Protein chains: 2
Amino acid sequence: MTSQSDLPRQYSRSHAEKFRHELFEMLRIPSISADPNYAGEIRRMAEWLASHLGGLGLDNAQVMETAGHPVAYAEWLGAGMDKPTVLVYGHYDVMPAAMEDGWVTPPFEPVEKDGKIYARGATDDKGQFLIHIKALESYLKTQGAAPVNVKILLEGEEEISSPNLTPFIKANLNMLKADVCVISDSSMRIIEEPAITHSLRGMCYLEVEVEGPRQDLHSGFWGGATHNPGLALVEIIGKLYNPDHTIAVPGFYDDVVTLTADERAMLEKVALTEEMFKDATGVPALWGDENYSIRERVSARPTLDINGIWGGWSGPGPKTIIPAKASAKLSSRLVGDQDPDKIFELLKKYIESIAPPAVKVKVRLVAKGNPALIPFDLPEMQAASRAYERGWGYVPVFTRGGGSIPVVADIHNLLQIPVVMMGYGLDTDGLHSPNEHYSLEMFQRGIETAIVYLEELARLPR
Amino acid sequence: MTSQSDLPRQYSRSHAEKFRHELFEMLRIPSISADPNYAGEIRRMAEWLASHLGGLGLDNAQVMETAGHPVAYAEWLGAGMDKPTVLVYGHYDVMPAAMEDGWVTPPFEPVEKDGKIYARGATDDKGQFLIHIKALESYLKTQGAAPVNVKILLEGEEEISSPNLTPFIKANLNMLKADVCVISDSSMRIIEEPAITHSLRGMCYLEVEVEGPRQDLHSGFWGGATHNPGLALVEIIGKLYNPDHTIAVPGFYDDVVTLTADERAMLEKVALTEEMFKDATGVPALWGDENYSIRERVSARPTLDINGIWGGWSGPGPKTIIPAKASAKLSSRLVGDQDPDKIFELLKKYIESIAPPAVKVKVRLVAKGNPALIPFDLPEMQAASRAYERGWGYVPVFTRGGGSIPVVADIHNLLQIPVVMMGYGLDTDGLHSPNEHYSLEMFQRGIETAIVYLEELARLPR
């Protein structure tokens with residue numbers, strides 16, 4: 001049986017060296033978003049992409065301004081109005097990297113070794129989003145057309161929390177209108193187990209500040225009659241949890257979508273054993289709500305963590321003060337349908353209600369992001385599953401990511417479309433770390449899977 | 001009625017200008033013990049003192065070496081074996097001081113203004129210990145003899161916690177042998193209420209470190225199944241207290257000497273009102289064990305304070321980590337007969353017993369000091385009271401200091417003698433702060449009180 005994707009897949013194999021060469025070109029541009037000194041490189045990267053996309057025959061290929069680093073955009077709408085439109089999201093910016101961090105080879109001079117490309121951005125995210133560009137190219141060069149319409153949105157600020165992307169999407173809703181969004185910026189455990197991430201946790205990050213005396217006090221002169229702000233903070237934080245390690249804030253769990261038996265069974269497939277968890281983290285024992293499996297706890301359930309706590313003297317030796325202030329940064333990872341604003345109000349109200357009378361307590365929102373939960377039985381999700389089976393060679397697992405990528409919820413909510421996260425990296429690729437790398441085999445399999453995915457999407461009933 | 005002290009008191013009045021001039025000379029030497037750059041000034045100060053004491057006719061006047069800054073020592077033993085010997089302790093070192101801290105006049109160029117001397121060390125402790133030297137001089141210059149033997153021990157490391165004084169005392173027990181020790185290094189609330197400090201709190205200072213994962217973890221990938229070391233620390237510290245603000249560590253109060261009705265009545269005389277406490281500290285409300293008055297809580301009862309707490313991210317913005325470690329510095333102010341080593345063992349054992357299983361906890365002793373409790377009905381104490389009445393003009397109060405001066409307990413224990421703390425400063429003198437000052441009237445009254453005290457001691461039955 002032949003299919004529309006056979007020739008494009010052959011093209012992708014026969015042009016593997018050209019593709020790799022193009023990836024190397026991209027990796028040589030140090031498009032570091034966090035460092036203002038690299039703003040010129042960021043722009044050069046965006047211009048390279050717009051030019052490359054235009055050269056492949058895409059329309060409207062351009063560098064578009066935002067209040068920060070620009071967006072590179074292009075579209076191919078030749079499949080016609082009766083075919084679905086796919087929005088491909090990726091980010092061309094990278095984390096900082098320098099030899100002194102422990103790189104074996106210069107981070108912006110890509111090197112191939114044992115089938116892997118070593119360079120900053122290889123897996124996060126240049127190597128991954130290029131897959132979709134090369135999949136589209138493979139159709140256009142062999143058949144002059146792809147089975148679906150494709151819009152490509154590449155931002156330059158993902159590594160600095162995408163401060164200007166939501167306004168950009170809001171300002172360009174018509175241009176970005178699509179039926180499904182596909183993002184390749186995640187990973188799988190092993191090559192034989194491709195993973196579709198259908199859920200990410202949201203975020204409610206707050207700071208609690210406890211004020212006591214107007215300045216640090218001599219603990220000898222005032223100790224015993226002054227409520228120590230450090231202790232008041234300890235008391236407040238302690239009351240946020242129940243003895244069974246669940247969160248004691250009234251209403252906190254109200255909007256948590258209950259896991260179905262199917263979902264629990266699916267999570268069971270990617271179960272984390274206690275030994276694996278201990279090996280990976282170094283903790284002496286596990287912790288958490290024992291009504292849920294480890295995998296459920298780290299992905300499908302909301303959390304409340306202390307990200308930082310400070311007050312008083314932390315230098316060497318004794319300093320006998322009652323600190324004037326003590327503070328903590330706390331964050332909740334949220335799951336569907338929890339709303340970060342509502343959770344912040346619940347936390348703030350509860351903390352204020354338990355604040356001891358001999359101190360003053362301030363609660364401040366630091367950051368927030370919506371959780372994203374895409375039903376995995378959506379046709380676009382199932383199409384992705386079939387694409388992996390045909391293009392990758394293995395049936396994928398649907399996984400819940402424990403982390404937060406606020407742009408996923410934003411695209412889902414603003415454009416009202418499902419987001420399919422088809423990660424083509426490996427957990428061990430070392431993203432954000434020295435010697436980040438990317439497997440050429442994953443790159444090739446990714447392109448073939450992306451080719452098949454466009455075909456599978458075209459086949460969906462409309 | 002005439003007394004042996006009349007002529008010396010007259011001498012002290014008629015030589016007030018000379019005494020002030022000598023104090024100014026001392027204050028011009030920046031004998032800062034904390035800064036190694038001032039080691040030469042420290043030595044110059046010790047040499048000035050030895051020379052001055054020798055010039056007054058004292059014997060054995062010398063600079064004596066320690067492992068750190070030297071001690072200045074001298075003695076006058078002319079009263080004979082049948083008379084008591086007083087050991088005067090003081091410290092000639094001072095806290096650092098610089099104009100940029102907020103001094104109005106240079107800290108080592110003493111200035112007299114409105115009856116006060118402005119200079120670093122004016123009240124802490126040069127102006128105070130000089131009182132005893134000038135009292136002895138007043139006897140020697142008018143009568144050729146004092147009513148008791150006097151030994152003068154002046155150290156140069158008090159402001160850096162006297163690291164070498166205990167070894168010095170142990171090595172010179174015979175030289176320092178005395179019947180009573182008098183220390184002037186404390187203060188009174190108002191000039192009409194001279195204060196004899198008969199109790200100081202001891203100290204048990206410890207550090208608690210909670211270790212969880214081997215490095216900071218991504219709170220999204222691991223949150224929900226990892227016991228957050230910050231939370232574990234919060235749980236541990238929370239369990240150290242009872243809801244009524246008492247300390248929950250078993251055995252903690254076992255050795256606390258109960259306050260007698262007399263003692264409570266005496267503390268009532270120097271009662272601190274809630275308003276005074278709030279004005280002085282800026283706290284919105286008071287806290288502590290309501291079975292005791294405010295004054296009792298800050299001086300006669302033991303405490304447990306958080307001096308510092310830290311772990312994870314305290315910089316700006318969100319950082320979504322589970323910190324690998326969290327730590328706290330805790331200290332107990334102890335009262336008689338609590339033993340700092342025993343208290344440390346109780347705290348360590350209890351903390352280890354409540355340590356959650358998913359973290360590792362280390363408890364380390366940082367510093368310790370014995371409490372000092374000198375019965376105020378001792379003849380040497382009552383003699384001091386009479387000295388104030390006659391020399392100062394007011395009946396003094398006996399107070400309990402909330403702070404800790406380990407040398408007091410060391411002198412008391414090693415030399416087996418009562419320590420009488422006759423402070424000649426005012427609470428408002430700004431010691432350790434910019435624009436430290438000292439009242440000339442207090443200096444004069446102090447010398448006359450010290451003159452009378454020697455006479456009162458000589459009259460005690462032996």
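Treat the numbers as computed from the prediction; the structure is a model and nothing was measured. Chain naming here is simple, since letters A, B, ... match the order of the sequence lines and numbering starts at 1 in each.
Heavy-atom pairs under 4.5 Å with chain B were tallied for A:His245, A:Lys329, A:Arg201; the largest tally goes to A:Lys329. Of the residues considered (A:Leu240, A:Asp289, A:Leu200, A:Thr281), A:Thr281 shows the highest number of contacts with chain B, using heavy-atom pairs under 4.5 Å. Between chain B and the residues A:Ala326, A:Ala225, A:Gly402, A:Gly308, the most heavy-atom pairs under 4.5 angstrom are made by A:Ala225. Here A:Ala285 is the residue among A:Ser299, A:Ser327, A:Ala285 with the most heavy-atom pairs under 4.5 Å with chain B. Heavy-atom pairs under 4.5 Å with chain B peak, among A:Pro229, A:Pro284, A:Pro302, A:Gly288, at A:Pro284. Here A:Pro323 is the residue among A:Ser331, A:Ser404, A:Pro323 with the most heavy-atom pairs under 4.5 Å with chain B. With respect to chain A, the highest number of heavy-atom pairs below 4.5 Å among B:Ile237, B:Val283, B:Thr303, B:Asp305 belongs to B:Asp305.
The side chain to side chain donor-acceptor pair (under 3.5 Å) check on A:Tyr292 picks up A:Arg301, with sequence neighbours excluded.
Between B:Asn307 and A:Ser219 there is a side-chain heavy-atom pair separated by less than 4.5 Å.
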Show me the donor-acceptor pairs within less than 3.5 Å that the side chains of residues 358-367 of chain A make with the rest of the protein, sequence neighbours left out.
residue: A:Arg364; atom: NH2; partner: A:Glu207; partner atom: OE1; Å: 3.1

Review item, side-chain donor-acceptor pairs of residues 309-322 of chain A, under 3.5 Å, at least two apart:
residue: A:Trp313; atom: NE1; partner: A:Gly315; partner atom: O; Å: 3.4
residue: A:Trp313; atom: NE1; partner: A:Pro316; partner atom: O; Å: 3.3
residue: A:Trp313; atom: NE1; partner: A:Gly317; partner atom: O; Å: 3.2
residue: A:Thr320; atom: OG1; partner: B:Arg333; partner atom: NH2; Å: 3.4

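Going from atom CZ of A:Arg297 over to atom OG1 of B:Thr226 covers 9.5 Å, rounded to the nearest 0.5 Å. Distance NE2/B:His218 to NE2/A:His432: 8.0 Å, rounded to 0.5 Å.
For residues 210-217 of chain A, heavy-atom neighbours of chain B at less than 4.5 Å comprise A:Gly212, A:Pro213, A:Arg214, A:Leu217, sorted by residue number.
Looking at B:Phe221, both its backbone and its side chain come within 4.5 Å of chain A, counting heavy atoms on both sides. Heavy atoms of B:Ala328 lying under 4.5 Å from chain A are absent altogether.
Summarising the local packing, CD of B:Glu290 is surrounded by 12 or fewer heavy atoms from other residues, nucleotides or ligands at distances under 6.0 Å.
The aromatic rings of A:His227 and B:Trp287 sit parallel to each other, their planes meeting at less than 30°, with 60° as the upper class boundary.
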